[in-house]
S.K.: 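Let me give you the structure first, and then I'll get to my questions.
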Amino acid sequence: MFKQRVKGHHREALEKPVIASKDELESFLQNECEDKEGVIYFHIPFCDNICSFCNLHRTKLDDELDEYVKFLLKEIDYYAKFPYIKTKIFKSVYFGGGTPTILKQRHLEQILNAINKSFSLDKDVEFSFETTLHNLTQNKIELMHALGVNRYSIGIQTFSTRGRKILNRIGDKKSAIDKLAMIKESFGGLVCTDIIYNYPKQSIQEVLEDAKVLKSLKIDSSSFYSLQFQEGSIFSKQYDENYYDLQTDYKLHNAFLTSLLKDEYELLEYTKINRKNRDRYLYIKLSHKGTDILPIGVGAGGRVGLYSIFTPRQNMQVVSKTSQIQLNFNIYSNLFQYDKISITQIKSFLDKTTFEKIEEFFKACEKKGYVKIENGVIKFSADGVFWGNSIAWEAIELAKDYFIEKLKKAS
């Protein structure tokens, strides 16, 4: 049914953004918000070790941290003064990067105190930090937990010593397991991981060992991604992308997935496995349904209302305005990141003709064994999850003309 597997879930916009001024954004922020839910995303574009597969612009310059923290604190003060932000209840705070825990304890204390003081956080807020093993110390764990951090997303990538060398991770298998066990034991919140599979010559035994370690440590959730060949990365200069084999990708994916699902784990979405009833995955789930994301930091992008905000440099902010139709298209597209999809929800975004196309497509998927349609829900099999982003791409393409026509009529 599919000749190539789509790995990523980023889609092109239907329309070009309309550039807006900072004055327009500030005028909008003078109003109280209608939807109280919100997310704050902080971007920390620094690493002390660069993964071989990463082609993003990161810096290892330690002397920039003091200046950058001052910038973040200034941004917090700037946004916190507006009525729109004051009336928001933020259900998720997420620090991504880069490696946010590269920040020193004094930096973390300043930033976390400023967040708690300046924003209204939900009493059950999900407060997450991306991190690596080697720069998350016991002292940082204690400080961050005391100031509200309750979830870590740790870039393990693999426990295989050979695989860790390929991906340029610090430490061997034993040191990675020991450090992760220490974090799990000493931290009162959720410990989640990222796993990458299908690096060169990875065996079924290696991917099953990764799953085994996650289960033995009772890791709360784990993302799992097939390694993507990123042009410009160290990895791309050392390996030929022709090493990739679809059947190997399939076997490794399903071995890892079924190993976890046969025990106490469940799928949250195509690339996220959760220990049942543990990780709420709010940052992603809220963003998928169109919740406002306030972006803070260089490289941070987000949206409040219909205003998108991106900060490429400390002295530059790009503001644009999108349409409600584009936003609805984004929300519709995000429906197809999950292994259980409500047919009623799909139908609510479309006209009759377009929905019938989608319906026929999923019936074809059912014949292939990728999904099962029952009680108004499309449920994915393990094979369907493997092809999930390819299925999503097709479902989005089938609906694209409908949304484009709506844009034309609105203009």
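Reckoned from all heavy atoms, side chains included, excluding hydrogens, waters and symmetry mates.
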S.K.: Any idea how F82 and Y78 line up, ring-wise: parallel (<30°), tilted (30 to 60°), or perpendicular (>60°)?
M.R.: perpendicular
S.K.: Has K173 got its NZ or CZ under 6.0 Å from the middle of the six-membered ring of F159, at an angle within 45 degrees of the ring axis?
M.R.: no
S.K.: Could you walk me through whether E37 and K289 satisfy the salt bridge (Lys or Arg N to Asp or Glu O under 4.0 Å) test, starting with their C-alpha distance in whole Å, then the side-chain angles of each, then the deciding distance to 0.1 Å, before giving a yes or no?
M.R.: CA-CA 11 Å; E37 288 186 341; K289 74 174 193 175; 3.1 Å; yes
S.K.: With no hydrogens and no angle check, is any side-chain donor or acceptor of S381 less than 3.5 Å from a backbone partner on G384?
M.R.: yes
S.K.: Indicate yes or no: does E34 engage K88 in a salt bridge with an N to O separation below 4.0 Å.
M.R.: no
S.K.: Name the orientation class of the two ring planes belonging to F129 and Y152 (parallel below 30°, tilted from 30 to 60°, perpendicular beyond 60°).
M.R.: perpendicular
S.K.: Determine the interplanar angle of the Y283 and Y41 rings, folded into 0 to 90°, and report it as parallel if under 30°, tilted if 30 to 60°, perpendicular if over 60°.
M.R.: parallel
S.K.: How about NZ on K36, more than 12 heavy atoms from neighbouring residues, nucleotides or ligands closer than 6.0 Å, or not?
M.R.: yes
S.K.: Flag the pair Y338 / F380 as yes when their ring centroid distance falls below 6.0 Å, and as no otherwise.
M.R.: no
S.K.: Taking K81 first and then D77, would you say they form a salt bridge - that is, a charged N and a carboxylate O separated by under 4.0 Å?
M.R.: no
S.K.: Backbone N or O of D23 within a donor-acceptor pair of the S27 side chain at under 3.5 Å?
M.R.: no
S.K.: Looking at K400 and E397, does any basic side-chain N land under 4.0 Å from a carboxylate oxygen?
M.R.: yes
S.K.: Can any side-chain N or O of T87 pair as donor or acceptor with the backbone N or O of Y84 at less than 3.5 Å?
M.R.: yes
S.K.: Is K91 salt-bridged to D124, cutoff N-O under 4.0 Å?
M.R.: no
S.K.: Does a donor on one side chain sit under 3.5 Å from an acceptor on the other, for S223 and T271?
M.R.: no
S.K.: Report the C-alpha distance between K7 and S226 in whole Å, list the side-chain angles of each, state the deciding distance to 0.1 Å, and finish with yes or no for side chain to side chain donor-acceptor pair (under 3.5 Å).
M.R.: CA-CA 7 Å; K7 294 184 181 181; S226 178; 3.0 Å; yes
S.K.: Is the shortest side-chain N to carboxylate O distance from R275 to D263 below 4.0 Å?
M.R.: no
S.K.: Using the test ring-ring contact (aromatic ring centres under 6.0 Å, His included), find all partners of Y307 that sit at least two apart in sequence or belong to another chain.
M.R.: F28
S.K.: Less than 4.0 Å between a side-chain N and a carboxylate O, is that true for K218 and E264?
M.R.: yes
S.K.: Where the side chain of Q326 meets the backbone of T322, is there a donor-acceptor pair that is under 3.5 Å apart?
M.R.: no
S.K.: Tell me, with the steps shown, if S186 and M182 meet side chain to side chain contact (heavy atoms under 4.5 Å, CB included).
M.R.: CA-CA 6 Å; S186 61; M182 181 279 287; 3.5 Å; yes
S.K.: Please name the pair of heavy atoms, one in K272 and one in S221, separated by the smallest distance, quoted to 0.1 Å.
M.R.: CE-OG, 3.2 Å
S.K.: Given 3.5 Å as the limit, does a donor-acceptor pair link the side chain of N116 with the main chain of L112, or not?
M.R.: yes
S.K.: Can you check whether L103's main-chain N or O pairs, donor with acceptor, with K140's side chain at less than 3.5 Å?
M.R.: yes
S.K.: For the pair E360 and K363, find out whether any cationic side-chain nitrogen is under 4.0 Å from an anionic carboxylate oxygen.
M.R.: yes
S.K.: Which of parallel (below 30°), tilted (30 to 60°) and perpendicular (above 60°) describes F127 and F95?
M.R.: parallel
S.K.: So that I can tick it off, tell me whether D292 and R303 are bridged by a salt bridge, with the cut-off set at under 4.0 angstrom between side-chain N and carboxylate O.
M.R.: yes
S.K.: Would one find more than 12 heavy atoms of other residues, nucleotides or ligands at under 6.0 Å from atom NZ of K16?
M.R.: no
S.K.: Does the ring centre of F46 sit less than 6.0 Å away from the ring centre of Y68?
M.R.: yes
S.K.: Is there a salt bridge (Lys or Arg N to Asp or Glu O under 4.0 Å) between D339 and K379 once you walk through the steps?
M.R.: CA-CA 6 Å; D339 67 313; K379 299 179 180 179; over 6 Å; no
S.K.: I'd like to know if E206 and R162 make a salt bridge, using a cut-off of under 4.0 Å between side-chain N and carboxylate O.
M.R.: yes
